[in-house]
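A short worksheet on the structure shown next.
Just so we're on the same page: letters track the sequence lines, and every chain starts at 1.
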Amino acid sequence: MQKSYKLIITKFYYFVPLVLFLLVIFYLSGQYLSGTRKEQKKLVADKGKLIQKLMDVWEQGNLDRVSEKKNPECHALLKMKQLVSSEFFQCNPEYLNCFLADYSFYGYRPYKFQNKFYELDRLGNVILTFEKGDDYFRLRLFDTCSDVYLPTKKYSAGTKRENKYIWDNFDQNIFIDKYYVSNQDVLHWKKRTKREIKEEESKQLPFAPYLSLDTELMHQYCYEHGKKVVESRYFDAASYIPNKEDDPKVVKKFPYHWTKKRFVEEFDCFNVYSKGCESKRPFKYFEGMSTSWIGMHYVLGGFMEFLPNKFDAEKNLKVSSFYLDNKSHWHEIGVRGEFGKNNSTRTAKDIKVAFRCMVLK
Amino acid sequence: MYGFKIILLILILFVGCSPKGEESSFYLETNARWMAGTKIKWASEHYQEDTRILKPQGSWQPILEIEFLDRSFNKVSDCLFYRVPNDERRGELKIVANRSYVNCIDLIGEEGYTSLDGIINFGYETSKDLKAKSHLVLKVDTKRLKYQFLNYENLHQEYKLLDSSVDKSFLIGIQITSEVDYKIHRSELKIGDICLDIDDDCNEKVKDQCDRCPYGNYQVIASKCKNKFRRYCGMDKCARAGFPACIRGYVASKLDPNAFCINDSPVGFCQKGLRVVCLNNQLMCE
């Protein structure tokens with residue numbers, strides 16, 4: 001009897017620490033799992049905040065935010081500050097590249113592809129990959145800064161006197177780029193599509209418009225972004241001050257985008273950046289100049305622009321530009337020349353022609 | 001023997017009193033995928049209302065299909081099934097990964113990648129306001145499992161002056177991927193393929209899949225519908241000889257849509273020297 005009692009005591013002597021040990025292990029593993037779960041839950045919730053933050057950074061392109069950064073990604077960007085307006089940095093992958101250089105989120109760091117913190121998808125949208133060890137997630141950022149909506153109305157294409165090119169865009173959602181396609185845009189596209197990049201192309205100012213004589217290249221650029229080159233009729237619609245009614249009996253057209261006056265003695269350089277303006281104010285790229293009612297820039301003046309014309313194929317060039325002085329008759333909405341053939345201004349070789357894209361949703 | 005029983009008792013009490021992890025793991029697994037959600041589709045028209053699901057008792061029912069983005073930005077989906085409780089068994093939720101673009105009903109016998117059982121009451125609600133943060137709430141007994149769909153597509157937005165072309169998604173201009181990696185290689189459409197087709201009553205004969213075109217797409221008037229047009233993958237070359245007529249619009253042309261396909265139809269236009277013709281029920285230039 002005494003022996004068996006002693007045996008129980010001995011067993012307890014072994015069992016009690018074992019029980020306590022098991023309980024501690026069980027408790028700690030529970031705590032660990034619950035902690036991991038909480039962390040995971042917080043991570044999922046905070047991904048939403050990360051998205052919102054990156055979206056703000058992407059859309060604002062605020063140089064002050066990165067002005068203290070010393071990394072090489074930001075160096076080139078900060079040097080441009082005096083040369084280009086702040087709009088250039090909005091929805092700009094190079095700005096994001098600078099911002100992400102020393103960025104981390106819950107230990108996730110942006111992954112570098114070929115020396116950049118972003119890659120471009122088939123249509124040129126920016127993709128970021130955040131990784132931590134073997135785990136990763138990706139974000140795709142769309143360009144919410146570059147184009148503006150053309151409201152649905154009945155429009156009239158061509159000069160102020162032209163009245164046979166009537167059309168409407170009811171039930172069609174059309175968006176037009178605010179600015180010209182830049183050298184940086186074309187370089188990104190050529191790299192992405194493995195096209196040849198000439199040495200002089202890579203030395204151009206990234207924010208200056210891509211100036212080409214090759215219209216096929218312009219069409220191809222826009223098409224490979226899911227868009228098309230802005231057509232003359234859409235450019236006119238975006239330029240003329242709109243009629244009050246959406247479906248007027250007669251579409252009235254005024255020759256300038258900032259006034260309903262039919263005649264203006266002299267243009268100011270903000271509305272029409274023409275020859276001679278360079279002595280009054282420097283031409284700053286991506287500056288919100290010569291702005292139309294929908295928010296499109298460089299309606300008149302600035303660079304010549306290729307605008308394919310479906311009504312009249314020969315009238316496909318916005319001639320109004322800083323090649324022409326203030327009194328030129330070309331500084332009116334709807335007045336077009338013919339790309340490559342019009343020698344009323346200069347020889348075709350001298351003319352540098354910009355372009356922009358539009359998209360139909 | 002006594003000692004063993006005591007240990008067992010303590011362990012049972014400990015396990016019984018510890019927090020239940022099943023629900024939490026169900027939520028974490030689904031939320032990690034559905035936070036990249038783009039769309040909710042009802043898998044059965046009988047369960048579209050925000051009410052408790054009570055019948056048919058004892059059977060598995062497809063309730064919802066949740067579409068989301070995988071790591072390669074492919075749209076993939078999960079099917080949510082509910083086994084309605086009866087007198088013998090409590091209800092159970094299971095989530096089946098829909099890897100092969102089939103209807104949820106076809107996956108009814110498949111194993112779920114996660115499940116939640118012991119349910120007495122189940123219902124759900126979707127947010128009526130598309131801009132609200134939580135878009136789906138699963139009501140499991142007294143618990144509310146809230147899901148925020150970060151990529152939710154707001155397809156009914158009307159554009160306004162100064163809007164950008166990508167103002168359509170719920171969280172404007174950004175998409176996030178989930179943890180899923182199905183390694184799907186969706187075949188792209190080819191240039192010249194129809195990516196959207198519309199019948200005379202404005203119904204979609206070929207559903208909109210223009211995002212699968214290699215690049216852009218263009219419109220052609222090919223039905224009596226005046227609001228939507230057929231779309232092909234490819235570069236828009238309208239108004240040129242041998243290509244579709246550009247669209248002038250029905251308001252500007254004042255044409256009755258029933259008579260759209262006539263030679264010299266004013267609803268389309270071509271370049272100078274060419275005329276609009278009706279070829280194979282499409283307006284073309286020649």
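Nearest heavy-atom pair across Asp211(B) and Arg122(A) is O-NH2, 3.3 Å. Minimum interatomic distance between Leu123(A) and Pro214(B) (heavy atoms only, all atoms of both residues): CD2-O, 4.5 Å. The two residues Met235(B) and Tyr223(A) come nearest to each other via the heavy atoms N-CE1, 3.4 Å.
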Discussion item. Please evaluate residues Ile294(A) and Leu162(B) with respect to the criterion side-chain contact (heavy atoms from CB on, under 4.5 Å), reporting the C-alpha separation (whole Å), side-chain torsions for both, the decisive distance (0.1 Å), and the verdict.
Written reply: CA-CA 6 Å; Ile294(A) 69 159; Leu162(B) 302 181; 5.7 Å; no
Discussion item. Would Trp293(A) and Leu161(B) count as a side-chain contact (heavy atoms from CB on, under 4.5 Å) here? Give the steps.
Written reply: CA-CA 9 Å; Trp293(A) 68 288; Leu161(B) 193 64; 3.9 Å; yes
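Thr152(A) has its side chain out of reach of Glu158(B): every pair of non-hydrogen atoms, C-beta onward, lies at least 4.5 Å apart. Side-chain contact check for Ile127(A) versus Gln175(B): every heavy-atom pair is 4.5 Å or farther apart. Side-chain contact check for Gln172(A) versus Ile247(B): some heavy-atom pair is nearer than 4.5 Å.
Neither the backbone nor the side chain of Lys228(B) comes within less than 4.5 Å of any heavy atom of chain A. Only the backbone of Lys237(B) comes within contact range of chain A, with heavy atoms under 4.5 Å apart. For a residue to count as touching a neighbouring chain, one of its non-hydrogen atoms must lie under 4.5 Å from one of that chain's; by this rule Phe269(B) touches chain A with the side chain only. At a 4.5 Å heavy-atom cutoff, Tyr155(A) makes no contact with chain B through either its backbone or its side chain. At a 4.5 Å heavy-atom cutoff, the contact between Cys270(B) and chain A is made by backbone atoms alone. For Asp247(A), the part lying near chain B is the side chain, with the backbone staying farther off; criterion is any non-hydrogen pair under 4.5 Å. Residue contact with chain B, scored on non-hydrogen atoms closer than 4.5 Å, involves the backbone of Asn309(A) exclusively.
Rounding to the nearest 0.5 Å places OG of Ser165(B) at 11.0 Å from CG of Leu360(A). Note: Thr177(B) OG1 to Arg138(A) CZ = 7.0 Å, rounded to the nearest 0.5 Å. To the nearest 0.5 angstrom, Arg140(A) atom CZ is 13.0 Å from Ile176(B) atom CD1. Taking CD of Glu224(A) as the reference point, atom OH of Tyr215(B) lies at 4.5 Å (rounded to 0.5 Å). Rounded to the nearest 0.5 Å, atoms CH2 (Trp167(A)) and SG (Cys246(B)) are 10.5 Å apart.
Taking the ring axis of Phe137(A) as reference, the NZ or CZ atom of Arg71(B) does not stay both within 45° of it and closer than 6.0 Å to the ring centre.
Taking a cutoff of 4.0 Å between a charged side-chain nitrogen and a carboxylate oxygen, Glu314(A) and Lys272(B) do not qualify as a salt bridge.
The candidate with the highest count of non-hydrogen atom pairs below 4.5 Å against chain B, out of Glu231(A), Lys178(A), Arg233(A), is Arg233(A).
Remark: aromatic rings of Tyr250(B) and Phe170(A) are distant, center separation not under 6.0 Å. Phe175(A) has its ring centre less than 6.0 Å from the ring centre of Tyr159(B).
Put simply, the side chain of Asp168(A) gets close to the backbone of Ala252(B): a donor and an acceptor are under 3.5 Å apart. Between the Arg248(B) side chain and the Ile166(A) main chain, a donor and an acceptor come within less than 3.5 Å of each other. With hydrogens and angles ignored, the 3.5 Å screen pairs a side-chain donor or acceptor of Lys310(A) with a backbone N or O of Cys238(B). Although no hydrogens or angles enter the test, the distance criterion places no donor-acceptor pair under 3.5 Å between the side chain of Asn227(B) and the main chain of Asp171(A). A donor-acceptor pair is defined here as one N or O able to donate and one able to accept, closer than 3.5 Å; no such pair exists between the side chain of Asp163(B) and the backbone of Tyr149(A).
Heavy atoms of other residues, nucleotides or ligands lying less than 6.0 angstrom from NZ of Lys226(B) number 12 at most.
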